[in-house]
Amino acid sequence: MTPGWMTTTLLDNDAPGGWAVARSREGFLLDDNGPLFPREWLKRQDLSVLAEHGIGHLDGEPVYLLELNSPGDVQGCRWQGLRAFMLQGDHRLYKVLGYAAQIGTWAREHRFCGSCGQAMVQVPRERALFCQACDLRSYPRISPSMIVLITRGDEILLARSPRFVTGVYSTLAGFAEPGESAEDCLIREVREEVQVEVQNIQYVGSQCWPFPHSMMLGFHAEYAGGEIVPQADEIEDAQWFNIHQLPPLPASRSIARYLIDLYVARRLGHAEPVLPG
Ligand SMILES: NC(=O)c1ccc[n+]([C@@H]2O[C@H](COP(=O)([O-])OP(=O)(O)OC[C@H]3O[C@@H](n4cnc5c(N)ncnc54)[C@H](O)[C@@H]3O)[C@@H](O)[C@H]2O)c1
Ligand SMILES: [Mg+2]
Ligand SMILES: [Zn+2]
């Protein structure tokens with residue numbers, strides 16, 4: 001038995017046994033034991049299954065995803081969104097569900113060829129869908145996004161979007177556009193969102209962010225000039241905060257929080273935090 005969580009290319013759907021998770025637009029099915037169910041039991045429930053995907057091994061046991069057409073009722077169970085699993089509970093299970101969510105979303109959204117409209121088929125032994133007519137392959141989609149902590153000595157620039165929990169301020173972030181390097185994207189996003197210029201851009205680390213398929217690339221940058229002007233509609237407020245007087249911050253498992261905690265720790269000479277995977 002190999003301990004831990006390992007994703008795999010594909011598993012044989014006809015082989016019996018293993019664990020399964022069920023996903024619908026309401027999130028993952030959950031009972032008092034968590035979101036992992038004995039697969040044979042789960043498949044006997046009255047659920048409308050769109051597709052079954054083998055996704056990996058947890059402590060050596062195969063794990064499958066049942067992607068559902070609609071959230072059914074299973075006695076003693078409820079539905080819970082992926083974000084809630086990220087915020088509380090076992091980080092390992094959150095990784096399993098995050099991967100399941102990305103595979104489920106991608107396969108659901110690529111059932112038909114984007115070029116000719118024919119049904120896509122599974123490629124043997126590879127996580128890819130294939131159009132025989134066009135010889136076109138589709139792989140799981142990942143959207144690179146930059147996230148940056150801008151600092152000015154003891155001050156850090158944080159902003160809030162109207163979508164955030166009341167009071168919470170975070171680092172600036174945005175999706176890469178075609179034609180951009182990571183640094184180009186970062187500079188553009190910072191200009192768009194707060195009209196500030198940055199210098200000494202340093203890559204810090206990355207994080208998978210399965211909401212629904214971002215790959216966060218985290219940076220630190222120093223302030224170089226400009227007055228904060230928050231972008232209409234996108235940024236509700238943006239301010240310089242002294243590291244000794246910070247507002248409510250993002251969830252501890254986010255790279256946004258890590259970038260802030262890391263800078264504060266270095267500034268104060270405290271032990272450095274660990275970037276959550
Ligand atoms: N893990 C973290 O700590 C953390 C923190 C902040 C943001 N994020 C994530 O970073 C990502 C980007 O942040 P943002 O929302 O500020 O981006 P953003 O500033 O680029 O603005 C989002 C808008 O950009 C547009 N957009 C452009 N390309 C897109 C694409 N590929 N997918 C979806 N929308 C696209 C859409 O109109 C969307 O509403 C999001 O997924 C967000 O959840 C993660
Ligand atoms: Mg943004
Ligand atoms: Zn096609």
Side-chain angles (χ1 to χ4, degrees), residues 81-83 85-87 91 94-95 98 101-102 105-106 109-123 128-138 140-150 156-165 168-180 182 184-196 198 204-221 228-238 247-263 273-277:
L82 184 58
R83 251 170 217 279
F85 287 100
M86 186 264 297
L87 292 170
H91 187 66
Y94 161 65
K95 295 296 288 178
Q102 293 197 72
T105 301
W106 160 73
E109 294 176 355
H110 293 81
R111 284 184 292 152
F112 300 97
C113 172
S115 183
C116 77
Q118 279 198 25
M120 302 285 270
V121 296
Q122 177 65 54
V123 176
L129 292 163
F130 180 60
C131 173
Q132 280 154 327
C134 301
D135 195 21
L136 183 84
R137 274 170 200 238
S138 160
R141 177 154 51 145
I142 298 171
S143 304
S145 306
M146 303 319 125
I147 182 158
V148 58
L149 178 70
I150 304 168
I156 67 176
L157 200 167
L158 300 177
R160 53 171 284 109
S161 132
R163 301 185 294 274
F164 287 2
V165 175
V168 169
Y169 281 74
S170 185
T171 47
L172 300 177
F175 291 101
E177 291 181 0
E180 287 183 330
D184 292 339
C185 169
L186 187 161
I187 290 165
R188 175 185 54 75
E189 283 289 341
V190 171
R191 280 188 188 144
E192 281 176 8
E193 296 193 346
V194 291
Q195 290 188 24
V196 157
V198 293
V204 176
S206 68
Q207 179 181 56
C208 159
W209 193 246
F211 303 102
H213 38 63
S214 292
M215 147 88 84
M216 305 306 304
L217 303 176
F219 293 83
H220 171 250
I228 295 174
V229 180
Q231 182 182 20
D233 302 331
E234 283 291 314
I235 305 291
E236 195 173 84
D237 186 36
L249 297 174
S252 60
R253 280 179 183 170
S254 65
I255 191 167
R257 179 60 174 269
Y258 169 77
L259 293 171
I260 299 167
D261 288 350
L262 178 66
Y263 185 71
V274 175
L275 173 58

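The figures here come from the full heavy-atom set of this structure, side chains too, leaving out hydrogens, waters and symmetry mates. Order of appearance sets the numbers: ligands from 1, and atoms from 1 within every ligand.
- Within ligand 1, counting atoms from 1 as listed, the ones closer than 4.0 Å to a heavy atom of Ser254 are 2 (C), 3 (O).
- Protein non-hydrogen atoms do reach within 4.0 Å of atom 30 (C) of ligand 1.
- A distance of 11.5 Å separates CG of Leu249 from OH of Tyr169, quoted to the nearest 0.5 Å.
- With the Zn ion (ligand 3) at the apex, Cys113 SG and Cys131 SG define an angle of roughly 110° (rounded to 10 degrees).
- With a 4.5 Å cut-off on side-chain heavy atoms, Leu129 and Gln122 count as touching.
- When only non-hydrogen protein atoms are considered, atom 14 (P) of ligand 1 lies nearest to Ala173 O, 3.9 Å.
- Proximity of Tyr94 to Leu82: side-chain heavy atoms (C-beta onward) are separated by under 4.5 Å at one or more points.
- You'll find the side chain of Pro230 reaches within 4.5 Å of the side chain of Ile228, heavy atoms only.
- Contact between Glu193 and ligand 1 is present, with at least one heavy atom of the residue lying under 4.0 Å from the ligand.
- Inclusion of Ser214 in the set of residues having an N or O under 3.5 Å from an N or O of ligand 1 is warranted.
- Centred on the Zn ion (ligand 3), the angle running from Cys116 (SG) to Cys134 (SG) is recorded as 100°, rounding to 10°.
- At the shortest separation from atom 18 (P) of ligand 1 among protein heavy atoms lies Gly174 CA, 3.6 Å.
- Between Thr171 and Ile255, every side-chain heavy-atom pair lies at or beyond the 4.5 Å cut-off.
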### Test log, rule side-chain contact (heavy atoms from CB on, under 4.5 Å), inputs Glu234 and Arg163
CA-CA 9 Å; Glu234 283 291 314; Arg163 301 185 294 274; 4.2 Å; yes
### Query
Under the side-chain contact (heavy atoms from CB on, under 4.5 Å) criterion, do Val198 and Val148 qualify, and how do the steps go?
CA-CA 10 Å; Val198 293; Val148 58; 5.8 Å; no
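- Put simply, atom 5 (C) of ligand 1 has protein non-hydrogen atoms near it, under 4.0 Å away.
- Neither the backbone nor the side chain of Arg257 has any atom closer than 4.0 Å to an atom of ligand 1 (non-hydrogen atoms only).
- Inside a 4.0 Å radius of atom 12 (C) of ligand 1 there is at least one protein heavy atom.
- Separating the CZ atom in Arg137 from the NE2 atom in His110 is a distance of 15.0 Å, to the nearest 0.5 Å.
- With respect to Cys208, the side chain to side chain contact (heavy atoms under 4.5 Å, CB included) criterion is satisfied by exactly one of Gln102, Met215, Met216: Gln102.
- For atom 39 (O) of ligand 1, the nearest protein heavy atom is 4.0 Å or more away.
- Looking at Ile255 next to ligand 1, an N or O pair under 3.5 Å apart turns up.
- At a 4.0 Å heavy-atom cut-off, ligand 1 touches Gln207 through the side chain alone.
- Contact detail for Glu189 and Ala173: the closest heavy-atom pair is OE1-O, 3.6 Å.
- At a 4.0 Å heavy-atom cut-off, ligand 1 touches Ala256 through backbone and side chain alike.
- By the 4.5 Å heavy-atom criterion applied to side chains, Cys131 and Ser115 are not counted as neighbours.
- Of the heavy atoms in Ile147, only side-chain atoms (C-beta onward) come closer than 4.0 Å to ligand 1.
- Closest of all the heavy-atom pairs between Trp106 and Arg141 is CD1-N, 3.9 Å.
- Looking at ligand 1, you won't find any N or O of Arg83 less than 3.5 Å from one of its N or O atoms.
- For atom 16 (O) of ligand 1, a protein non-hydrogen atom is found at a distance below 4.0 Å.
- Ring geometry for Phe211 versus Trp209: interplanar angle over 60°, hence perpendicular rather than tilted (30 to 60°).
- Nearest protein neighbour of atom 43 (O) of ligand 1, counting heavy atoms only, is Trp209 NE1, 3.2 Å.
- Distances shorter than 4.0 angstrom occur between a heavy atom of Arg163 and an atom of ligand 1.
- In summary, an N, O or S atom of Glu193 is located under 2.8 Å from the Mg ion (ligand 2).
- With hydrogens left out, the protein atom closest to atom 21 (O) of ligand 1 is Glu234 OE1, 3.8 Å, a heavy atom.
- In this structure, Gln132 places its CD atom where only 12 or fewer heavy-atom neighbours from other residues, nucleotides or ligands lie under 6.0 Å away.
- Look at Ala173 and the Mg ion (ligand 2): an N/O/S atom of the residue is under 2.8 Å from the metal.
- Within the 4.5 Å cutoff, the side chain of Pro250 has no heavy atoms near those of the Phe164 side chain.
- When hydrogens are left out, the protein atom nearest atom 26 (N) of ligand 1 is Phe175 CD1, 3.8 Å; that is the closest non-hydrogen contact.
- For atom 8 (N) of ligand 1, the closest heavy atom belonging to the protein is Met216 CE, 3.6 Å.
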